[in-house]
2 protein chains.
Amino acid sequence: MNQYNDASISEINQVMDAAKSAAPIMRKLSLSKRAELMNAIADGLEQSGDELLAVVMGETNLPDARVRGERGRTIFQLRSYAKACAKGDWIEASIDTAIPDKVPPKPDIRKMLLPLGPVVVFGSSNFPFAYSTAGGDTASALAAGCPVIVKAHPAHPQTSELVADIIHKAVESVGLPNGVFSHVHGTSFEVGKALVMHPHTKAVGFTGSYSGGKALYDMANQRKEPIPVFSEMGSVNPVFLLTEKLAADPASIATNYAGSITLGVGQFCTNPGLIIGIKSDALDQFISSLAVQIGNIPPGKMLHPGIVKAYVEKRAEALAQQGVTLIAASSTEASADQGVPTIATTSGAVFLKNNQLHQEVFGPYSLVVQCDDAAEMLAVAHQIEGQLTATIMATDNDINSHVDIFDAIVEKCGRMILNGVPTGVEVCLSMHHGGPFPSTTDSRFTSVGADAIKRFARPMSFQNFADHFLPLELQNSNPLGINRTINDELSKQAVS
Amino acid sequence: MNQYNDASISEINQVMDAAKSAAPIMRKLSLSKRAELMNAIADGLEQSGDELLAVVMGETNLPDARVRGERGRTIFQLRSYAKACAKGDWIEASIDTAIPDKVPPKPDIRKMLLPLGPVVVFGSSNFPFAYSTAGGDTASALAAGCPVIVKAHPAHPQTSELVADIIHKAVESVGLPNGVFSHVHGTSFEVGKALVMHPHTKAVGFTGSYSGGKALYDMANQRKEPIPVFSEMGSVNPVFLLTEKLAADPASIATNYAGSITLGVGQFCTNPGLIIGIKSDALDQFISSLAVQIGNIPPGKMLHPGIVKAYVEKRAEALAQQGVTLIAASSTEASADQGVPTIATTSGAVFLKNNQLHQEVFGPYSLVVQCDDAAEMLAVAHQIEGQLTATIMATDNDINSHVDIFDAIVEKCGRMILNGVPTGVEVCLSMHHGGPFPSTTDSRFTSVGADAIKRFARPMSFQNFADHFLPLELQNSNPLGINRTINDELSKQAVS
């Protein structure tokens with residue numbers, strides 16, 4: 001299926017050398033010029049037409065509306081991060097002016113973020129546009145001023161190749177050297193390893209499975225010079241159904257969740273794979289209603305054979321656990337390339353005893369955990385692993401009477417949704433798409449929203465510098481008109 | 001010498017359990033209340049009087065002025081981070097308001113930093129106040145809202161115990177539970193390991209040697225749940241002498257550096273351990289002048305026997321390297337507890353071939369590398385490892401004609417000083433005290449200045465929350481009056 005050869009070690013050395021040479025050029029590239037590059041990539045995607053979409057659909061089984069929408073999202077990401085890049089808030093410019101008569105004298109010292117250097121990006125399988133070749137990691141690394149090396153996801157190599165061509169052209173159109181962006185193929189583990197271990201590599205972005213993301217993280221930590229790896233490794237995105245809220249309208253909550261669980265054949269990292277309720281008539285009604293709807297939703301083609309295979313296996317494994325009962329599966333028979341919408345249930349006691357049930361079943365699957373009481377729900381909240389998101393369906397009364405559950409959930413996730421669904425990750429500055437381990441390898445960073453840029457940048461202080469040797473961001477006159485903290489006060493003022 | 005017992009595993013479990021229980025209390029503690037706690041610790045230090053100073057001097061051999069000054073610095077750190085904490089810029093509050101008629105609808109989403117949880121702090125040997133028990137790591141972790149567990153440095157356990165008492169009293173005085181701050185002793189590696197490996201520990205701060213800091217980092221990465229370790233592991237702080245600048249006044253540059261090299265018996269992480277020049281009459285004059293002054297500076301007592309022993313050994317090792325020549329050592333005979341001011345020299349060619357010469361000799365030692373030409377100086381700049389600081393002594397002409405050297409240096413350090421000395425680390429927001437590996441384990445964070453708080457905090461998004469369930473920082477009316485980014489614009493406004 002994959003017509004591209006794995007990159008050889010000598011090819012990898014070549015692209016890494018080119019990236020290293022491009023690094024100082026990118027570092028010194030003005031924020032507006034970085035934005036220009038990103039907008040040029042967005043323009044290229046916009047002009048790519050239906051031909052590209054056909055390739056994506058062919059490689060991913062994703063429907064037209066989805067790939068069209070995802071391309072739009074990717075263009076929006078590039079443009080909005082470009083805007084954020086040029087706006088410069090992310091660069092955290094800070095100026096402390098000299099106090100010569102302090103004892104000892106305080107020097108003039110100014111700080112801003114500088115790029116880390118070449119960033120290796122691993123394309124994801126489930127977002128062929130938005131978290132692949134020209135996706136969020138690439139956009140944020142370029143905004144930070146880092147050259148990027150993308151390893152195409154082997155499930156959509158031609159898509160990746162075509163998008164890479166768009167980026168190459170954009171790089172050329174703004175007059176930057178080739179080394180700013182490189183693209184390699186690699187079906188073998190060795191290619192990824194060589195990229196992560198290469199001494200010129202200064203950071204890694206990854207979106208995918210726990211096993212893949214953790215392996216890259218471990219490798220990077222064992223380098224002579226360890227480097228940061230931001231792996232976004234998925235999550236079961238628990239949903240806590242509190243009693244008063246659930247009792248008010250179990251059927252409509254079930255409708256929303258039937259939609260969220262099966263959205264995109266469940267192939268989202270924010271898919272709600274775990275629903276926790278307290279035994280009651282309302283929970284029974286919720287389950288019955290969810291069962292009917294899940295039964296009515298037809299199976300959908302999954303991204304690629306590897307994903308289907310994993311779904312079939314993990315689903316079977318989950319259903320085979322002692323104390324787990326199948327509630328409903330799609331009543332439409334599935335072909336070999338499809339994922340079957342499925343819900344199962346177990347008790348709180350079983351869930352607390354069996355860690356296997358905490359694992360993600362990537363696809364349209366969700367487990368309803370029926371707790372005996374609020375205390376057991378609290379125990380579940382305490383026991384679950386770190387998550388990208390957690391949702392609480394609750395009235396004000398519910399929250400006020402279960403502050404302990406609310407508090408336990410906050411500790412476990414990077415985004416908390418009140419009375420909604422976790423699917424749908426808005427691209428905006430206030431989005432945190434990250435979370436405690438194992439949902440990511442560093443809970444302090446996000447992979448969505450312009451703050452994602454900060455993963456690939458480090459602060460640098462300039463002490464006692466003549467104004468004309470400072471980066472524009474830190475010069476007295478504030479030529480870029482950016483926000484800066486001057487002697488502890490944020491402003492856009494010049495330094496007098 | 002150490003009258004305190006190593007903490008047992010059961011004691012460690014006890015303090016970690018207490019820290020875990022205190023974590024949600026600290027998380028929900030208002031910024032002003034956190035500041036109150038920090039100011040109470042500062043008050044306690046201020047009131048601690050000369051008795052405490054006598055203990056510190058007895059345990060560290062540091063002179064009166066230094067320990068007095070360092071206590072002042074520590075008080076200033078606590079108060080200034082408390083101010084920054086309450087001011088709230090660090091919390092990066094961000095609000096995106098809902099756009100219900102967008103397709104799909106944009107939810108209301110708001111983000112801010114939340115504490116990571118219990119932080120283990122390893123006191124340093126060279127800063128018994130400022131980077132030990134109530135030092136920068138403790139101050140920033142408390143500001144972030146994290147309970148702190150300090151492992152006393154075994155070289156000044158009584159100092160640590162007395163400062164811990166001050167903190168315990170402050171914790172009590174503001175009505176917080178004991179678990180907010182714990183203090184344990186440990187001369188064995190096992191105590192440190194148990195603290196870092198404890199499942200309740202969520203982050204680690206360390207200041208000290210490469211071997212110590214790297215060992216903790218490696219352990220933390222091998223946990224089932226890896227946690228961030230910020231190790232500040234020192235540096236040789238290279239100084240690049242450019243020709244026009246040096247020629248203008250080699251003697252006065254030598255005077256400044258004789259002072260900087262021997263300041264505090266060279267026991268600073270920013271001590272200039274490497275001076276790189278280009279062979280010339282001016283460089284000869286600089287070396288001669290430095291030699292005279294180093295000869296005249298008497299040896300000083302070092303912090304503790306382990307430090308002296310390491311200095312004697314590493315100095316001997318450095319001087320024994322092929323192609324290294326001793327230029328000058330203090331002409332005053334040293335006692336067994338003293339470090340001898342020393343400068344040595346070698347050629348650029350020898351330096352480039354012998355990695356041993358890149359290593360830190362912790363103490364009043366510096367190596368002058370004499371390069372044949374600017375190209376060799378550039379090669380040195382490219383080859384050195386990551387540094388906390390790098391200094392460039394240069395005129396405008398020097399910089400303009402050696403942009404390549406300037407660029408190479410930027411890539412290697414966290415703070416660049418123009419025409420100054422690296423010793424003296426101003427406590428202010430614009431200070432970055434950090435740098436590329438191996439100077440620290442994560443170049444993206446600082447251990448000095450209020451941004452040090454961010455090491456111990458993670459972003460959290462709240463989606464679709466009723467105003468009254470949001471943290472105060474994110475509520476519509478902006479009750480704390482902090483800076484927030486509202487729909488991409490920074491302001492102190494309320495959300496209407």
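Residue numbers start from 1 in every chain, and the chains themselves are labelled A, B, ... in the order their sequence lines are given, proteins ahead of strands.
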Query raised in the report: When heavy-atom pairs shorter than 4.5 Å are enumerated against chain B, which of A/Ile399, A/Asp442, A/Asn483, A/Asp451 gives the highest number?
Result: A/Ile399
**Report entry** Test applied, side chain to side chain contact (heavy atoms under 4.5 Å, CB included); reference residue, A/Gln463; option that passes from B/Asn419, B/Ile417, B/Thr391
**Finding:** B/Ile417
Report task. Provide the closest heavy-atom pair for A/Arg458 versus A/Pro115 in the form atom of the first, atom of the second, distance. Result -> NE-O, 4.3 Å
Requested in this report: Tell me, for A/Lys454 versus chain B, whether the close heavy atoms (under 4.5 Å) come from the side chain, the backbone, both or neither.
Outcome: both
Report task. Kindly say whether A/Gly449 contributes a backbone atom to a donor-acceptor pair with the side chain of A/Tyr81 at under 3.5 angstrom? Result -> yes
Requested in this report: Could you look at B/Pro105 and say if it's the side chain, the backbone, both or neither that has a heavy atom under 4.5 Å from chain A?
Outcome: backbone
**Report entry** Region of A/Leu114 that comes under 4.5 Å of a non-hydrogen atom in chain B
**Finding:** side chain
Query raised in the report: So is B/Arg223 actually on top of A/Phe437's ring, under 6.0 Å and inside 45° of the axis?
Result: no
Requested in this report: Under 4.5 Å heavy-atom distance to chain B, tell me which part of A/Asp96 shows up: side chain, backbone, both or neither.
Outcome: both
Requested in this report: Please determine, among A/Asn400, A/Leu113, A/Leu429, the option with the most heavy-atom pairs under 4.5 Å with chain B.
Outcome: A/Leu429
Query raised in the report: Does one side chain, of B/Asn237 or B/Thr270, offer a donor that lies under 3.5 Å from an acceptor on the other?
Result: no
**Report entry** Portion of A/Val103 that has a non-hydrogen atom of chain B nearer than 4.5 angstrom
**Finding:** neither
Report task. For each of B/Gly434, B/Gly420, B/Pro228, tally heavy-atom pairs with chain A at distances under 4.5 Å, and name the one with the top tally. Result -> B/Pro228
Query raised in the report: With only heavy atoms counted, which part of A/Asp407 is less than 4.5 Å from chain B, the side chain, the backbone, both or neither?
Result: both
Report summary line: Greatest number of non-hydrogen atom pairs under 4.5 angstrom with chain A, of B/Met112, B/Gln222, B/Glu92, falls to B/Glu92
Report summary line: Between B/Ile409 and the options B/Gln387, B/His382, B/His402, B/Met416, the side chain to side chain contact (heavy atoms under 4.5 Å, CB included) test singles out B/Met416
Query raised in the report: Between the side chain of A/Lys412 and the main-chain N/O of A/Ala390, is any donor-acceptor distance below 3.5 Å?
Result: no
Query raised in the report: Hey, does the side chain of B/Arg455 reach the backbone of B/Thr446 with a donor-acceptor pair shorter than 3.5 angstrom?
Result: yes
Query - Distance (rounded to the nearest 0.5 Å) between B/Phe406 CZ and B/Ile392 CD1 - result: 6.5 Å
**Report entry** Residue part contacting chain B, namely of A/Ala408, when any heavy atom lies under 4.5 Å
**Finding:** neither
Report summary line: Of B/Leu116, B/Thr485, B/Asp396, B/Ile95, the largest count of non-hydrogen pairs under 4.5 angstrom with chain A goes to B/Asp396
**Report entry** Donor-acceptor pair, side chain of A/Thr441 and main chain of A/Val229, under 3.5 angstrom
**Finding:** yes
Requested in this report: Would you kindly say whether A/Ser260 and A/Thr423 are connected by a side-chain donor-acceptor distance under 3.5 Å?
Outcome: yes
Query raised in the report: Given that the side chain runs from C-beta out, which part of A/Pro422 has a heavy atom under 4.5 Å from chain B: side chain, backbone, both or neither?
Result: neither
Requested in this report: Considering only heavy atoms and a distance below 4.5 Å, find which of A/Val410, A/Asp488, A/Asp89 pairs most often with chain B.
Outcome: A/Val410
Requested in this report: Report the option among A/Phe456, A/Phe445, A/Phe462 that has the most heavy-atom pairs separated by less than 4.5 Å from atoms of chain B.
Outcome: A/Phe445
Report summary line: So, the part of A/Pro438 with a heavy atom under 4.5 Å from chain B: the answer is neither
Report summary line: Counting heavy-atom pairs under 4.5 Å with chain B, the top scorer among A/His433, A/Lys202, A/Lys106 is A/Lys106
Report task. Would you mind checking which part of A/Glu426 comes under 4.5 Å of any heavy atom in chain B, side chain (CB onward), backbone (N, CA, C, O), both or neither? Result -> side chain
**Report entry** Atom group of A/Lys214 that falls short of 4.5 Å from chain B, counting heavy atoms
**Finding:** side chain
Query - Salt-bridge present (B/Glu473, B/Arg484; N to O < 4.0 Å) - result: no
Report task. Please determine, among B/Lys83, B/His468, B/Glu411, B/Arg110, the option with the most heavy-atom pairs under 4.5 Å with chain A. Result -> B/Glu411
Query - B/Thr97 versus B/Asn487, side-chain donor and acceptor atoms under 3.5 Å - result: yes
Requested in this report: Under 4.5 Å, counting heavy-atom pairs only, tell me which of A/Gly117, A/Pro107, A/Cys413 racks up the most with chain B.
Outcome: A/Cys413
